[in-house]
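Okay, structure first, notes after.
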Amino acid sequence: MDRYNYKAVEQKWQKYWDENNVFKATDDFDKKKFYALVEFPYPSGHGMHVGHIKAYSGLEVVARKRRMQGYNVLFPIGFDAYGLPTENTAIKEKIHPRIVTDRNIEKFTGQLKKVGFSFDWSRVIDTTEEKYYKWTQWIFLKMFEKGLVFRDKTSVNYCPSCKVVLSNEDSQGGKCDVCHSDIIQKTKEVWYLRITEYADKLLQGLEQVDYLPNVKLQQQNWIGKSTGAFVDFSIKENAEKLRIYTTRPDTLYGVTFMVIAPEHPIIQKYRDSISNIEALDDYKNECAKKSEFERTQLVKDKTGVKIEGLTAINPVTKKEIPVYISDYVMMGYGTGAIMAVPAHDTRDYDFAKKFGIDIIEVIKGGDISKEAYTGDGEMINSDILNGIDNKKDAIEKMLSVLENLGCGERGVQYKMKDWAFNRQRYWGEPIPIVHCQHCGMVAVPYEELPLKLPALENFEPGTDGESPLAKIESFVNCKCPKCNGDAKRETDTMPQWAGSSWYFLRYCDPHNDSEFASQEALKYWLPVDWYNGGMEHVTRHMIYSRFWHKFLYDLGLVPTSEPYAKRTAQGLILGEDGEKMSKSRGNVVDPNDIVENYGADVLRLYVLFMGDYEKAAPWSENGMKGCKRFIDRVWGLQEILTDGEEYSDKLRSNFHKTIKKVSEDIENMKFNTAIASMMSLINDIYANGTVNKAELSALCMMLNPFAPHITEEIYNTITGKILSEQPWITYEEKFCIDETIEIVVQVNGKIKAKLNIVPDSDRDSVIAMALADEKVKESTDGRNIIKQIYVPNKLVNIVAK
RNA sequence: GCCGGAGUGGUGGAAAGGCAGACACAGUGGACUCAAAAUCCACCGGUGGCGACAUCGUACGGGUUCAAGUCCCGUCUCCGGCACCA
């Protein structure tokens, strides 16, 4: 027998699968369906990463198994191709991003096919194609129509030297990634999607989906719902009410000052009656200069200025309390104003210490001379609340008091902010809006979609934070769709998250020209049965796409309220040095090299065998060689092949057990132990000396989802049939049970003997056998047996004193 | 700071509260070979013993249990997420 020629075999079967459309999802809407989704790659110039292979191999195994189980399987792939790296390559090499994108997609496609993934290649999506982004724009316009799109000011990272708006990733450490000059914060009017309107729905929807617990948790934290109260504080000097948000109305008697954000509008409104307005303005300007980086990473030291001319009145104690401005209060959360309770909040405590403000303890349990006490306990110094439990009763009691006084109401807040939906770059979907002097913002009519990204010679970023599209007069100047007067087009493009927010819908019906997907196809395929991807996408991408989906659901355009029924995540592959793979570290493994030198089956097997699928694991060239050895041993079985259409007696139970183990492990993503059990089986076969046809083809069947090429070849050689078209192999429970099993006999928890018994033997006879054992007799001799424990088919424990 | 997750041989990792270390890698010895690679066989947590065996051992300190890597309490370390969110 020749050595296994993986190159020839892999090429042969990849060609066969391709030409015969073996993995094509059919439009047979009566068949039971299974929709397996993996995160589509960004086609970077570096080509595929082994991390991609691991990410896709998990559901690849499940998808292949489901097909064999008779499901109509949709396992699609595509490319999330808009984005900065492509644009930067294009600028650097002076090639159009369209060409760079096509080149990279071709490279990725070739690499994916060489690994033998069973994707349905007839449904490939490219988010930068007109027929795709037409519908991205279409959904955007639907949101515009429903009032979910608005414009507002924000501060953006701006490089004054490049005159360009930068993403957070491109401005790390407060320096421009390109020219290394200092980034400044610039105010700019940008587009927003009102995702906060869906905050509650996004939170509640988590109750009905099967996501990994930590995925759910991260999404909950991201949405960040808190319940509390809005309380109005009167201002002594005028009729104004200063409204705050708090989750701790129980501590209202401990309020000794208030803090508002430096940008709070009340300052401008009463600036004439504030005696130190210059100091407040200076402080505000200083804060505005601070970058996001400085505000979050650096100084935690509290700063602020007292407002001279605004004094608040505590609604329950009627005491006068000072009002400060400080940047530890954000305009973007709650009302931009807080009541400060230094005794029971660490930030207020720091501030009070620094500014010498009173600290009044209202909950027992801590030592407020040392630090703030944030725990629970009995109320003190709080008049009507004294003596009761803060959490159980005080919150409720205070809420009703405030409601009666007419200065408070229950309220809910979310940490999640509206989605800044814009980029000042070329390589993205144009936002289909026209600015008209008379009509304001006007949507491009649906029938004019797609609003095409104009072909451009020079797509370098525009100056003063403008998109490069702003330079093209033929694009910018247009007629208003409403009044037909002169108007200007929006020149910002959509952010990279847009195209991926609905791609799973397009896969259902990717060639439809009249709808983003037909209702029939959506009704059949949705929801996605199993979605796998990286942990880094469980907040942004998943929440954004759930938001788009829920929006379409509310319009009656998709049949399910949630897009993904189940979500899992694979762990990273680290470099051989245990560090994250990166070019600068030089520890990157190129999957091409592995396919070339060891074969696709070895690569696929190894990424699943290297450890727990959900955990990070370091790459090991040697570990991979072990998988190569396993593949060669599978091939070598043909040398000891004998006739035989049924399992031999010696191996029968072994086969049934392994099939059971593999079948169950695949469902639980325990791929490493599934492979280990097949390795064990092969070790047993070699120890047995021969393998018959029934056995070898059974092995091929269960191994097929992991190593499809070699198994297809061997199976075809011995049966003349196509393995990918065979049903999934089954096992019988009765053959998984051994005739005799070994159980352990312990005395006082220490193993003294082993017994071979018939399964499910009765307790008394097993204990009698155990007590009759020499070693057991020895160690119980002269002692009183006080307890006998029998765990059926597992062990006997004799407790003796 | 807050919220998660994890700490098991030289390494990656297995163990529904019931034989700790499956499977694999590396290593050691041997077979085959002129030799090497490949392959095959044996050994492979520590300590003691020629030995069957004894004894300790799942980050650390306690606890529950006939029995703990697994459950509970406390401590330490590492990883991930959020982070002045009122």
Side-chain angles (χ1 to χ4, degrees), chain A residues 3 212-222 224-226 228-229 244-248 251 258-259 261 295-297 299-303 326-330 332-341 344-348 350-351 374 413-417 535-536 538-539 569 571-572 574 576 578 580 606 609-612 614-627 629-630 632-633 636 670 672-683 686 742-754 775 786-800:
Chain A
R3 239 183 119 74
L212 288 179
N214 58 334
V215 171
K216 266 191 200 183
L217 205 75
Q218 276 196 33
Q219 294 200 11
Q220 283 162 357
N221 288 344
W222 180 272
K225 181 176 182 170
S226 82
I244 60 97
Y245 174 73
T246 181
T247 55
R248 300 292 304 276
T251 61
M258 299 185 79
V259 185
R295 274 183 87 139
T296 57
Q297 304 291 319
V299 267
K300 297 273 176 177
D301 215 21
K302 295 284 176 291
T303 58
S326 173
D327 66 352
Y328 85 90
V329 172
M330 312 288 151
Y333 184 80
T335 61
I338 63 158
M339 61 178 218
V341 186
H344 305 289
D345 180 286
T346 52
R347 296 150 302 173
D348 298 345
D350 293 345
F351 194 89
T374 54
Q413 285 291 306
Y414 300 92
K415 285 187 198 175
M416 187 168 69
K417 300 201 167 68
M535 279 310 289
E536 68 275 24
V538 305
T539 45
L572 285 179
L574 304 172
E576 205 135 11
K580 200 172 164 181
Y606 178 60
F609 182 65
M610 61 196 297
D612 185 336
E614 289 169 13
K615 288 202 201 119
W619 184 266
S620 158
E621 184 89 8
N622 277 325
M624 196 198 46
K625 281 181 188 164
C627 289
R629 213 166 282 160
F630 171 66
D632 287 340
R633 275 162 72 80
K670 298 279 174 207
N672 53 339
T673 49
I675 294 165
S677 71
M678 289 187 280
M679 287 175 169
S680 283
L681 177 63
I682 282 214
N683 291 343
Y686 274 107
E742 194 182 65
I743 67 161
V744 172
V745 182
Q746 299 177 336
V747 176
N748 294 337
K750 301 219 185 245
I751 298 156
K752 293 294 171 186
K754 292 182 179 181
K775 294 278 292 186
I786 50 176
K787 207 166 185 180
Q788 296 162 334
I789 289 140
Y790 175 51
V791 182
N793 304 333
K794 280 273 161 62
L795 63 52
V796 172
N797 190 11
I798 311 289
V799 185

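The sequence lines fix the lettering, A, B, ..., with proteins before strands; numbering per chain opens at 1.
Heavy atoms of A:Ala616 sit under 4.0 angstrom from primed sugar atoms or phosphate atoms, though from no base atom. At the heavy-atom level, A:Lys752 lies nowhere under 4.0 Å from the strands shown. Residue-level contact check: A:Asp612 touches the backbone only, with heavy atoms under 4.0 Å from sugar-phosphate atoms and none from bases. A:Val791 comes within 4.0 angstrom of a nucleotide base, judged by non-hydrogen atoms across all strands. A:Lys775 comes within 4.0 angstrom of the backbone, heavy atoms only, and of no base.
Residues satisfying the side-chain hydrogen bond (donor to acceptor under 3.5 Å, both in side chains) test with A:Thr247, not counting sequence neighbours, are none. With sequence neighbours left out, A:Asp345 forms a side-chain hydrogen bond (donor to acceptor under 3.5 Å, both in side chains) with A:Arg347. By the ring pair (Phe, Tyr, Trp, His ring centres under 6.0 Å) test, A:Trp619 pairs with A:Tyr606, sequence neighbours left out. When the salt bridge (charged side-chain N to carboxylate O under 4.0 Å, His left out) test is applied to A:Lys415, no partner is found at least two apart in sequence or on another chain. The side-chain hydrogen bond (donor to acceptor under 3.5 Å, both in side chains) search around A:Thr673 returns A:Asp665, not counting sequence neighbours. A search for salt bridge (charged side-chain N to carboxylate O under 4.0 Å, His left out) contacts involving A:Lys625 returns nothing, not counting sequence neighbours. Residues meeting the side-chain hydrogen bond (donor to acceptor under 3.5 Å, both in side chains) test with A:Asn748, sequence neighbours left out: none. Remark: A:Tyr245 engages A:Phe230 in a ring pair (Phe, Tyr, Trp, His ring centres under 6.0 Å) (not counting sequence neighbours).
Here the P atom of nucleotide B:rA86 and the CD atom of A:Gln413 are 9 Å apart, to the nearest Å. Rounded to whole angstrom, the span from the CZ atom of A:Phe630 across to the P atom of B:rG12 amounts to 23 Å. Look at CD on A:Glu614: it is 11 Å from P on B:rA14, rounded to the nearest Å. Atom-to-atom, CE of A:Met624 to C1' of B:rG13 comes out at 18 Å; the value is rounded to the nearest Å. Distance CG (A:Asp350) to P (B:rA86): 16 Å, rounded to an integer number of Å. Separating the CG atom of A:Asn793 from the P atom of B:rG18 is a distance of 14 Å, rounded to the nearest angstrom. Between A:Glu621 atom CD and B:rG12 atom P there is a gap of 17 Å when expressed in whole angstrom units. What separates CG of A:Leu212 from C1' of B:rG80 is a distance of 14 Å, to the nearest Å.
A:Val341 has its side chain within reach of A:Met339: a pair of non-hydrogen atoms, C-beta onward, lies under 4.5 Å apart. Between A:Asp350 and A:Tyr328, the closest side-chain pair of non-hydrogen atoms is not below 4.5 Å. Between A:Asn683 and A:Arg633, the closest side-chain pair of non-hydrogen atoms falls below 4.5 Å. A:Ser620 has its side chain within reach of A:Glu576: a pair of non-hydrogen atoms, C-beta onward, lies under 4.5 Å apart.
On the P atoms, B:rA67 is 13 Å away from B:rG63, given to the nearest whole Å. Taking the P atoms as reference points, B:rU75 lies 13 Å from B:rC3, given to the whole Å. Of the P atoms belonging to B:rA16 and B:rA86, the separation is 40 Å, rounded to the nearest Å. Taking the C1' atoms as reference points, B:rA22 lies 13 Å from B:rG12, given to the whole Å. Using C1' as the reference atom, B:rG27 and B:rC34 are 27 Å apart when rounded to the nearest Å. The C1' atoms of B:rU33 and B:rG45 are separated by 35 Å, rounded to the nearest whole Å. B:rC32 and B:rG21 have their P atoms separated by 34 Å, given to the nearest Å. The separation of B:rC76 from B:rC60, taken at their P atoms, amounts to 15 Å, rounded to a whole angstrom.
For B:rG9, the base adopts the syn conformation, since its glycosidic angle falls within 90 degrees of zero.
Evaluation of atom-type donor-acceptor distances gives a pair under 3.5 Å for the side chain of A:Lys302 against the base of B:rC84.
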Which parts of nucleotides 19-25 of chain B does protein reach within less than 4.0 Å, heavy atoms only, written one letter per nucleotide 5' to 3' as B for base, S for sugar-phosphate only and - for none? BS-BBSS

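For A:Tyr245 and B:rA86, the shortest distance from a side-chain N or O to OP1 or OP2 is not below 4.0 Å. Under 4.0 angstrom from either OP1 or OP2 of B:rC84 there lies no side-chain N or O belonging to A:Thr346.
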Under 3.5 Å, which protein N or O atoms sit close to an N or O of nucleotides 1-6 of chain B? Give each pair with its distance.
none

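Each of A:Thr247 and A:Asn797 has a nearest nucleotide on RNA chain B; the 5'-most of these lies closest to A:Asn797. A residue-by-residue look at A:Thr539 and A:Gly334 shows that A:Thr539 has its nearest nucleotide of RNA chain B further toward the 5' end.
Paired runs in RNA chain B that reach 3 or more consecutive Watson-Crick or G-U pairs, where each pair keeps both distances under 3.5 Å, cover B:1-7 with B:76-82, B:10-12 with B:23-25, B:27-31 with B:39-43, B:45-48 with B:53-56, B:59-63 with B:71-75.
Nearest to the side-chain atoms of A:Lys750 among the listed nucleotides B:rC84, B:rC56, B:rG81 stands B:rC56.
Listed by first then second residue, pairs satisfying side chain to side chain donor-acceptor pair (under 3.5 Å) with a partner in residues 788-799 of chain A read A:Asp760-A:Asn793, not counting sequence neighbours.
For A:Gln413 (side chain) and A:Gly334 (main-chain N/O), a donor-acceptor pair under 3.5 Å exists by modelled atom type.
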